[in-house]
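Step one of this worksheet: look at the structure below.
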There are 2 protein chains.
Amino acid sequence: MTVWDRPEPPNRPVPLDRERIVAAAVALADEGGLEAVSLRKVAARLNAGPMRLYGYISTKQELFDLMVDEVHAEILPEEQPGDWREALRILAHRTRQAALRHEWLADLLGGRPTLGPNGLAVTEARLAALDGLADVDTAMRAVETVSAYSTGSIRREIANLRAERATGLSKRDWQRASGPHVTRMLATGRFPALAKAVYDGADVDAETSFATGLDWVLDAVAAKLARPSA
Amino acid sequence: MTVWDRPEPPNRPVPLDRERIVAAAVALADEGGLEAVSLRKVAARLNAGPMRLYGYISTKQELFDLMVDEVHAEILPEEQPGDWREALRILAHRTRQAALRHEWLADLLGGRPTLGPNGLAVTEARLAALDGLADVDTAMRAVETVSAYSTGSIRREIANLRAERATGLSKRDWQRASGPHVTRMLATGRFPALAKAVYDGADVDAETSFATGLDWVLDAVAAKLARPSA
DNA sequence: CTCATGCCGATACACTGTATTTCTCCAGTG
DNA sequence: CACTGGAGAAATACAGTGTATCGGCATGAG
């Protein structure tokens with residue numbers, strides 16, 4: 001009996017696990033944004049049928065949750081510096097950098113509570129930075145405030161980045177000359193303060209803008225740490 | 001020739017405009033969240049075919065943009081108080097209240113630049129509050145920082161609210177006892193600071209949490225206004 | 001009255017998330 | 001070794017999506 005008489009052995013299904021699934025989804029999102037992530041495409045990338053994924057997740061939202069947690073692993077620094085301020089600053093900047101690597105993160109940031117292991121670890125790191133420097137309530141408020149600023153700022157940065165990319169113009173040029181709508185609106189005179197800001201304001205790059213606002217918020221936290229109950 | 005011999009006059013198509021379209025979309029979103037908004041359903045609510053909408057918008061994203069701008073009209077207060085701090089505080093709180101009325105706003109906040117007339121008016125109001133109190137760059141930074149905090153904080157609040165609603169539990173109970181996953185994670189001892197915060201922390205209501213963080217950020221702004229270039 | 005034009009609705013398409021049904025292979029059992 | 005459950009993967013199915021295209025009809029101008 002020759003080889004050709006025998007049928008090929010059946011293709012055993014590719015072994016799967018959440019790690020592989022999430023990696024495929026992240027890759028797709030990195031390439032084409034969140035909307036490029038469909039269960040069919042994720043499965044296809046793994047040589048599996050779409051329905052197989054439902055053994056590992058029970059809804060597409062859960063896949064997104066896993067993706068977010070996966071990226072949070074990149075955010076955690078190897079070691080924490082002793083200085084609370086430096087620790088919080090680094091965590092915020094690493095979050096921003098992660099969002100620049102994975103722009104879709106901006107769409108998900110703050111959208112759901114982050115309860116995955118890595119997400120919890122990041123929260124832990126934030127809280128740990130303030131350990132012993134304030135009562136728990138103050139620490140909680142500080143962490144929430146810094147986090148809120150970070151996600152809000154990152155979302156705006158990515159939103160602007162996409163807008164600029166869509167028009168192919170730099171932020172300044174876009175506002176000043178080529179954004180016909182904005183120009184027309186400013187010309188109405190109904191937005192004097194805004195017009196002044198657009199025309200007279202220096203255009204700072206996004207990173208320093210993020211850093212400056214962050215420093216302000218950290219200043220506020222520092223002030224509260226000095227007087228724990230305020 | 002009797003009435004019955006004559007056919008009914010053809011139903012003239014319902015007159016449409018963006019206002020009506022946006023109102024229908026907002027109503028749909030208020031009832032069932034953003035995902036309940038489909039062009040077909042919006043059109044159906046207006047007794048029109050889905051394709052009619054493309055005369056007024058050219059993409060679904062644009063409909064979302066219009067919805068966001070519509071809500072920004074609710075955010076603008078009738079009159080601005082003289083105090084810059086009160087003005088910024090009120091704007092932030094009104095944004096939050098709008099998001100509580102229209103929870104879907106949280107999904108959109110910060111997602112795209114707000115270039116509609118009402119969105120620009122809100123930005124104008126924020127900038128105007130600081131007019132004369134700082135150079136344009138400082139004012140810009142201040143407005144951006146406060147806005148970033150607001151959107152980040154609002155998003156988190158709505159996210160938590162939905163999570164609580166999904167489990168039917170209060171935030172405290174959810175974290176403490178019934179969130180088996182969180183409880184188990186905290187029990188591992190890998191998140192000591194977080195565990196302490198969850199177990200020893202007072203649970204403040206969302207509004208005061210928002211207000212407190214906002215005050216901190218405003219404190220930081222106040223400090224920079226004192227010394228314009230810092 | 002006729003004709004052209006613009007707009008509206010119907011149809012079509014490619015795709016989505018997910019429920020359900022069908023099939024195929026393997027582990028146990030007699 | 002033959003057979004039979006049962007598990008788990010695959011195929012199919014369904015209701016819905018955003019949007020491109022097409023066909024016809026009502027209304028304006030001449």
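Residue numbers begin at 1 in each chain, while the letters A, B, ... track the order of the sequences.
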Integer-rounded Å distance: D:dA9 P and A:I21 CD1:
11 Å
Report yes if a side-chain nitrogen or oxygen of B:Y54 is closer than 4.0 Å to either non-bridging phosphate oxygen (OP1 or OP2) of D:dT19; otherwise report no.
yes
Could you check whether B:H93 and B:E207, counting side-chain N and O atoms only, form a donor-acceptor pair closer than 3.5 Å?
no
When the distance from CG of A:L39 to C1' of D:dA10 is rounded to whole Å, what number comes out?
16 Å
About how many Å separate CG of A:D107 and NE2 of A:H102, when rounded to the nearest 0.5 Å?
13.5 Å
Decide yes or no on side chain to side chain contact (heavy atoms under 4.5 Å, CB included) for B:L34 and B:F64, but give the supporting numbers first.
CA-CA 9 Å; B:L34 254 203; B:F64 286 161; 3.6 Å; yes
Any pair counted as side-chain hydrogen bond (donor to acceptor under 3.5 Å, both in side chains), so long as it reaches residues 47-58 of chain A, sequence neighbours left out
A:S58-A:E62
Per-helix bend value, the helix from C:dC1-D:dG30 to C:dG30-D:dC1, C1' rotation axes over five pairs per end, 10° rounding, shows 20°
Looking at residues at least two apart in the chain, or sitting in another chain, which of them share a side chain to side chain donor-acceptor pair (under 3.5 Å) with A:R20?
none
Rounded to the nearest Å, what distance is computed from the CG atom of residue A:L53 to the C1' atom of nucleotide C:dT16?
14 Å
Calculate, to the nearest 0.5 Å, the distance between atoms CG and CZ belonging to A:L28 and A:R45 respectively.
4.0 Å
For the side chain of B:M51, counting heavy atoms from C-beta on, which of D:dT17, C:dT18, C:dA10 is nearest?
C:dA10
With a 4.0 Å heavy-atom cut-off, tell me which residues in residues 55-69 of chain A come close to DNA chain C, sorted by residue number.
A:T59, A:K60
When you compare the side chain of A:T151 with that of B:T151, does any pair of heavy atoms fall below 4.5 Å?
no
Any idea which of C:dG9, D:dT17, D:dA13 is nearest the A:R40 side chain?
D:dA13
Picking from D:dT21, D:dT17, C:dG17, which would you name as closest to the side chain of B:S38?
D:dT17
Provide, to the nearest angstrom, the distance between the CG atom belonging to B:L16 and the P atom belonging to C:dC8.
8 Å
Please classify the nucleic acid contact of A:V37 as base, sugar-phosphate, or nothing, using heavy-atom distances under 4.0 Å.
sugar-phosphate
Going by the rule side chain to side chain donor-acceptor pair (under 3.5 Å), which residues pair with B:E157 if we only count those two or more places apart in sequence or in a different chain?
B:R96
Set of salt bridge (charged side-chain N to carboxylate O under 4.0 Å, His left out) partners for B:K196, sequence neighbours left out
A:D131
From CG of B:L46 across to C1' of C:dC8 the rounded distance in Å is 15 Å
